[in-house]
Number of protein chains: 2
Amino acid sequence: MKASLRDISERTGVSITTVSRVLNDKGDEFRISKETQKKIFFTAKELNYVPNQTGVNLQSGKTRTIALIVPGLVNPFFANVASSIATEIQGTGYNTLITDSNENIEIEKDELKQMISRNVDGIIIASAGHDGSHINKIDDMGIPIVCIDRYFDNLQVPFVATDNFLGAEMATDHLLKRGHNHIACIQGAMHSMPNKIRIKGFEHTMNRYGIQDCTITGSDFTVQNGYTETLLLLQNKPFPTAIFTLSNTIALGCMKALKENNVRVPEDVSLITFDNHPYLDYLSTPLTCVAQPFQDICRIAIRLLFSMIDKEDLTTKQVLLRPEILVRNSVKRI
Amino acid sequence: MKASLRDISERTGVSITTVSRVLNDKGDEFRISKETQKKIFFTAKELNYVPNQTGVNLQSGKTRTIALIVPGLVNPFFANVASSIATEIQGTGYNTLITDSNENIEIEKDELKQMISRNVDGIIIASAGHDGSHINKIDDMGIPIVCIDRYFDNLQVPFVATDNFLGAEMATDHLLKRGHNHIACIQGAMHSMPNKIRIKGFEHTMNRYGIQDCTITGSDFTVQNGYTETLLLLQNKPFPTAIFTLSNTIALGCMKALKENNVRVPEDVSLITFDNHPYLDYLSTPLTCVAQPFQDICRIAIRLLFSMIDKEDLTTKQVLLRPEILVRNSVKRI
DNA sequence: ACTTTTCGAACAATCGATTGTTCAACTTAT
DNA sequence: ATAAGTTGAACAATCGATTGTTCGAAAAGT
């Protein structure tokens, strides 16, 4: 079905070597006659020849493939990341192999193994794990890998993420400055670094304003979590004057619970969230948010990865990017 | 860095053959002594051996990889599709190679070539093209391929898509039944089959209600297009009583233009769109839409593809799935 | 006329894994 | 003691492409 060098070699009567050289535009370099070259090109076209990368890879050890492992494409943030990375890598001559670990560390480890097995040239990962030892192991094997969004203490590989402390600080500050001091924070996966840092930023800012006890609740980055926690929050007296959700998915669940209970935003409660989304502008109450610079994260991660692939020395290995607060109408001044 | 069979062979003093057989659990079958087996397993673990798929592939001709080519991950519909497919394929022992053609047929052709080159076992594609000849060519080469969402006349490969005629009919019917007869339709890529069929469904339903001239405008599935066309529409007198957008992206642009011009939905104009999205429930006016069964599309496409890979005969090759209308509050009865 | 260049292309090894065949060495049977 | 059988493992070819080396034959130089 698919033609190989051998097929062309047999059709033209010249050796595989010669065919290979001609098709790699080394015909002149190796003094293959114009006539032979023409014959080879013609036959290659005729047989619809496409080089078998497997062969090339085996020979070169390179696959020209970058793997991207994310904890969940259902999360618009990671969908955006995947889209950005795929698009950025396009045209570099590399392909992108995308997989989804579903926030499951075992699946993630298996995928990592698969990628090594497939000889990918580099890996970009937003890890679902609690620590980075399995990622350091990849690094030890000499496989270029960079972390995005999620990172760990003692991580020996480069990472690129939002400055989550700053982001949480900005959001909390925004609320406090508008008179809120009873703020509930609905968090995501507690072990994840972005979550931990955001919580730190939240608490730090609260403390700075002299507020010691903070309401922090929730357990993962899902719509369900946002929904459940908000429902629980609604039982409390007094109800907080503002809610700070740590992801778009949590915000979605939160809004669902609020709507079902006829709690209005921002009249009854103010709302601010991590993550931007095109729809936030058109919500019944346009949602104020902390936008992560996901495009820059992707671009820089790719840049770092390619540097590693090219065996260049990395001067900066840990990049935290400034988020941006987009003020819409979900926070009331009280 | 990475250990190969040869490394294990050298460390243990047995041949590569024996190592290969033991690691493939064929040790007993080939009467390799327990002792030797133990030694091999131990060394493999010690060296952190992971089989090099490139070698396996070359030998077997299989890569256990499925390629997915979509015209744009920025479109939430395709992000959902990508997520679904990646998730569904997970655990089948296959990996998913996702690429984005950016609605560009040249990029798409190039990607297709890449996939062939990489020996993928099968391809799922939502093509950006105007016709299916390049896809038939893949089929001719004996590479399993199935189309989703976008398909063509004379396509010789299986496809799975929404029943777009029905979807457009449902939407149009919904508007007409509520007293709208001045309806503007903002379409997407005119050459694409889903768009063509939706337009047909729209016109057919309008005609059924005795309305002959339909306003159809727009040219691609982008936010920008929805924005521009709505702006243009706003110049018209009389302004339509309802707008039917053929994708979520177009709807987003449309809403932007309406908002900027203080046109209220549904008081001043009713709005209905193709494609559902989690946020639609929380918009200032929750948006009535025609939801595509993207999960089923993905599942069936994968099913068909695996049947082709397994060389089974396909009884049904063309699947159109019933969409669902989700009634919210963006259509006013007049 | 004989040696040296140049030309045009083939040989053969290699990458990593798989697999049909072969082959010693030892055991058992005759 | 010799033939037959069993054990345990190695040999070698193969998949597709690349690449350093080699090798005839024709052309040029002496």
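Numbered from 1 within each chain, the chains take letters A, B, ... in sequence-line order.
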With a non-hydrogen cut-off below 4.0 angstrom, is B:K26 in contact with a base, only sugar-phosphate, or nothing? sugar-phosphate

Which of A:D121, A:I143, A:D313, A:V146 passes side-chain contact (heavy atoms from CB on, under 4.5 Å) with A:M308? It is A:V146

Hey, does B:S60 reach any base, or is it just sugar-phosphate, or nothing, if we go heavy atoms under 4.0 Å? nothing

Rounded to whole Å, please give me the gap between CG in A:N119 and P in C:dA17. 9 Å

Describe the nucleic acid contact of B:S15 in one word from base, sugar-phosphate, nothing, applying a heavy-atom distance below 4.0 Å. base

Taking donor-acceptor contacts at under 3.5 Å, does the side chain of B:T17 reach the base of C:dT18? no

Nearest whole angstrom, please: distance from the C1' of D:dA10 to the CG of B:L5. 15 Å

Length of the CD-P vector between A:E29 and C:dA9, whole Å: 15 Å

In this structure, is the centre-to-centre distance between the rings of A:Y94 and A:F306 below 6.0 Å? yes

Classify B:N24 by what it touches in the nucleic acid, base, sugar-phosphate, or nothing, heavy-atom distance under 4.0 Å. sugar-phosphate

Which nucleotide in C:dT18, D:dA9, D:dG16 has an atom nearest any side-chain atom of B:R31: D:dA9

For B:G27, which contact category applies under a 4.0 Å heavy-atom criterion: base, sugar-phosphate, or nothing? nothing

When you measure from the side-chain N and O atoms of A:T36 to the phosphate of C:dA9, is any distance below 4.0 Å, counting only OP1 and OP2? yes

Rounded to whole Å, CD1 of A:I116 lies from P of C:dG16 at a distance of 16 Å

Checking C:dA9, D:dA9, C:dA17 against the side chain of B:V56 (C-beta onward), the nearest is C:dA17

From C-beta outward on A:S33, which listed nucleotide comes closest to its side chain: D:dA17, C:dA9, D:dT7? C:dA9

Rounding to a whole Å, what distance do you find between B:R6:CZ and C:dT14:P? 8 Å

Measure CG/A:L47 against P/D:dG16 and give the value in whole Å, please. 14 Å

At less than 4.0 Å, is any side-chain N or O atom of B:N52 found next to OP1 or OP2 of C:dC15? Yes or no. no

Using a cut-off of strictly less than 4.0 Å, decide whether A:T18 has a side-chain nitrogen or oxygen near OP1 or OP2 of C:dA10. yes

Mind listing the closest non-hydrogen atom pair of B:D100 and A:S83 along with its distance? OD2-OG, 4.5 Å

More than 12 non-hydrogen atoms from neighbouring residues, nucleotides or ligands closer than 6.0 Å to NZ on B:K317, yes or no? yes

Judged by each residue's nearest nucleotide on DNA chain C, which is more toward the 5′ side, B:F30 or B:G55? B:G55

Interatomic distance, B:D7 CG vs C:dA17 C1' [rounded to whole Å]: 13 Å

Would the distance check show the side chain of A:N136 and the main-chain N or O of A:Q156 forming a donor-acceptor pair, the cut-off being under 3.5 Å? yes

Could you tell me whether A:R21 contacts a base, only the sugar-phosphate backbone, or nothing, with contacts defined as non-hydrogen atoms closer than 4.0 Å? base

